[in-house]
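A quick write-up on the structure given underneath.
Only heavy atoms go into these numbers, but all of them, side chains included; no hydrogens, no water, no symmetry mates. Along the sequence shown, residues carry numbers from 1.
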Amino acid sequence: MTSKFDFSVFRQQKPVLIKKMILAFLGDMLVGMGIGLNSCAGLGNDPISVLSDGLHKFFSISMGAAVNTTAYTLLVVVLIFGRKYINVGTLINVLPLGFFVNLGVATYSALNVAEGGLLFRSIAVLAGCAFLFFGTALFITVDIGQDTWTGFALLLRDRTGKEYRFVRAALDVVALVIGFLLGGTVGAATIFSALLGGPTIQMFCEFINKFVKFDNSAV
């Protein structure tokens, strides 16, 4: 049984919604570039991106195309079975994400980070994780739609009756294992993301909320 689209986000005042969409787009750009930097550095990816990295290497496609493959597939699934979790923010997250991932890859190459050895690769990973965490926090803060992985996890939560945290943890593990088997890189950045990603994103959300105020009154 499918659900209906949630149009409540469009009841906000137009200037507020436009501001949120711009910030969501900026957050998506940072997330994509962070994924690209981490992939190139070769010191591991966040658990979800390990799957994309595995697809990228196994099928010899760009990292951006690999990210798009998983994101678009999940978008179709959620669109069919859980469309209430799709909103304008979902499209902002999905449509340009692969481009921004490839932009991160191109930035890494242009800076010749690999020539600097392990130190510069480690700096690239720290920058990539910072981009990924802050971009995710921006996207969460504006609250105008879920990314496809979150939407898929919420859909599975609804269908299984399990708590979201357990469903999301299981998805992360499945993506990590499949990605690793396909050749995705697991390393220090994977552990760093798994252990510190949640607390760091929460810290960034609190920071953003201090400086960015929204009048969420409906029109």
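- The shortest distance between side-chain heavy atoms of Val88 and Phe10 falls below 4.5 Å.
- When all heavy atoms of Gly135 and Leu30 are compared, the closest pair comes out as CA-CB, 3.9 Å.
- Here the closest heavy-atom approach between residue Pro47 and residue Asp172 is recorded as CB-O, 4.1 Å.
- Residues Asn38 and Asn45 bring no donor and acceptor atom of their side chains to less than 3.5 Å of each other.
- Linking ILVMFWY side-chain heavy atoms closer than 4.5 Å, directly or via other members, places Phe204 and Met29 in a single hydrophobic cluster.
- A donor and an acceptor atom, one from each side chain of Tyr85 and Asp158, are located under 3.5 Å apart.
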Inset, instruction - Walk me through it: do Val101 and Met33 pass the test side-chain contact (heavy atoms from CB on, under 4.5 Å)? - result: CA-CA 5 Å; Val101 171; Met33 290 193 67; over 6 Å; no

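- Here the side chain of Ser39 pairs no donor or acceptor atom with the backbone of Ile35 at under 3.5 angstrom.
- When atom types are taken as modelled, the side chain of Thr70 and the backbone of Val67 share a donor-acceptor pair closer than 3.5 angstrom.
- Distance CD/Gln202 to OG1/Thr136: 13.5 Å, rounded to 0.5 Å.
- A distance of 9.0 Å separates CG of Leu196 from SG of Cys129, quoted to the nearest 0.5 Å.
- Side-chain atoms of His56 never come within 3.5 Å of backbone atoms of Ala66 as a donor-acceptor pair (strictly under, hydrogens ignored).
- One N or O on the side chain of Gln12 and one on the backbone of Val9 form a donor-acceptor pair closer than 3.5 Å.
- Of the possible donor and acceptor atoms, one in the side chain of Asn68 sits under 3.5 Å from a partner among the backbone N and O of Gly98.
- Under the 4.5 Å side-chain heavy-atom criterion for ILVMFWY residues, a single connected hydrophobic cluster contains both Ile80 and Ile86.
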Inset, instruction - Decide yes or no on side chain to side chain donor-acceptor pair (under 3.5 Å) for Asn93 and Thr90, but give the supporting numbers first. - result: CA-CA 5 Å; Asn93 172 260; Thr90 311; over 6 Å; no

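- One hydrophobic cluster, built from ILVMFWY side chains closer than 4.5 Å, holds both Val212 and Phe207.
- Residues Leu75 and Met21 share a hydrophobic cluster, clusters being chains of Ile/Leu/Val/Met/Phe/Trp/Tyr side chains in contact below 4.5 Å.
- A side-chain donor-acceptor contact under 3.5 Å links Ser62 to the backbone of Ala65.
- The number of heavy atoms from other shown groups lying within 6.0 Å of CZ (Phe120) does not exceed 12.
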Inset, instruction - Let me see the working for Phe133 and Met203 under side-chain contact (heavy atoms from CB on, under 4.5 Å), right down to the final yes or no. - result: CA-CA 10 Å; Phe133 298 158; Met203 179 188 69; over 6 Å; no

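- Asp147 places a side-chain N or O within 3.5 Å of a backbone atom of Thr150 that can act as its donor or acceptor partner.
- Aromatic ring orientation, Phe100 versus Phe25: perpendicular (interplanar angle above 60°, classes split at 30° and 60°).
- Val31 is listed as a side-chain neighbour of Leu97, based on a closest heavy-atom distance under 4.5 Å.
- Between the CG atom in Leu138 and the NZ atom in Lys20 there is a gap of 13.0 Å [rounded to 0.5 Å].
- Within the 4.5 Å cutoff, side-chain heavy atoms of Leu182 are placed close to those of Leu55.
- Of all heavy-atom pairs between Val125 and Ala189, the closest is CG1-CB, 3.6 Å.
- When atom types are taken as modelled, the side chain of Ser109 and the backbone of Val105 share a donor-acceptor pair closer than 3.5 angstrom.
- In this structure, the side chains of Pro96 and Asp28 come closer than 4.5 Å at one or more pairs of heavy atoms.
- Leu43 is not connected to Leu51 by any chain of hydrophobic side-chain contacts under 4.5 Å among Ile, Leu, Val, Met, Phe, Trp and Tyr, and they are in different clusters.
- Residues Asp46 and Val50 form no side-chain contact, since every pair of their non-hydrogen atoms from C-beta on lies 4.5 Å or further apart.
- In this structure, Val78 and Arg83 have side chains that are not in contact, with every pair of non-hydrogen atoms separated by 4.5 Å or more.
- Taking CZ of Phe166 as the reference point, atom CZ of Arg157 lies at 13.5 Å (rounded to 0.5 Å).
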Inset, instruction - Evaluate side chain to side chain donor-acceptor pair (under 3.5 Å) for Lys57 paired with Thr185, printing each intermediate quantity in order. - result: CA-CA 10 Å; Lys57 292 173 179 174; Thr185 303; 2.5 Å; yes

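- The two atoms that bring Arg121 and Tyr108 nearest to each other are CG-OH, 3.5 Å, heavy atoms only.
- Heavy-atom neighbours of Tyr164 OH from other residues, nucleotides or ligands within 6.0 Å: above the threshold of 12.
- Residue Phe134 holds its CZ atom at 9.5 Å from SG of Cys205, rounded to the nearest 0.5 Å.
- One distance of note links CD1 of Ile48 with OG of Ser193; it measures 11.0 Å at 0.5 Å rounding.
- Across all their heavy atoms, Ile92 and Ala24 have their closest contact at CG2-C, 3.9 Å.
- The shortest distance between side-chain heavy atoms of Gln146 and Asn87 does not fall below 4.5 Å.
- For the pair Leu155 and Val77, the minimum side-chain heavy-atom distance is below 4.5 Å.
- Of all heavy-atom pairs between Gly44 and Thr190, the closest is CA-OG1, 3.6 Å.
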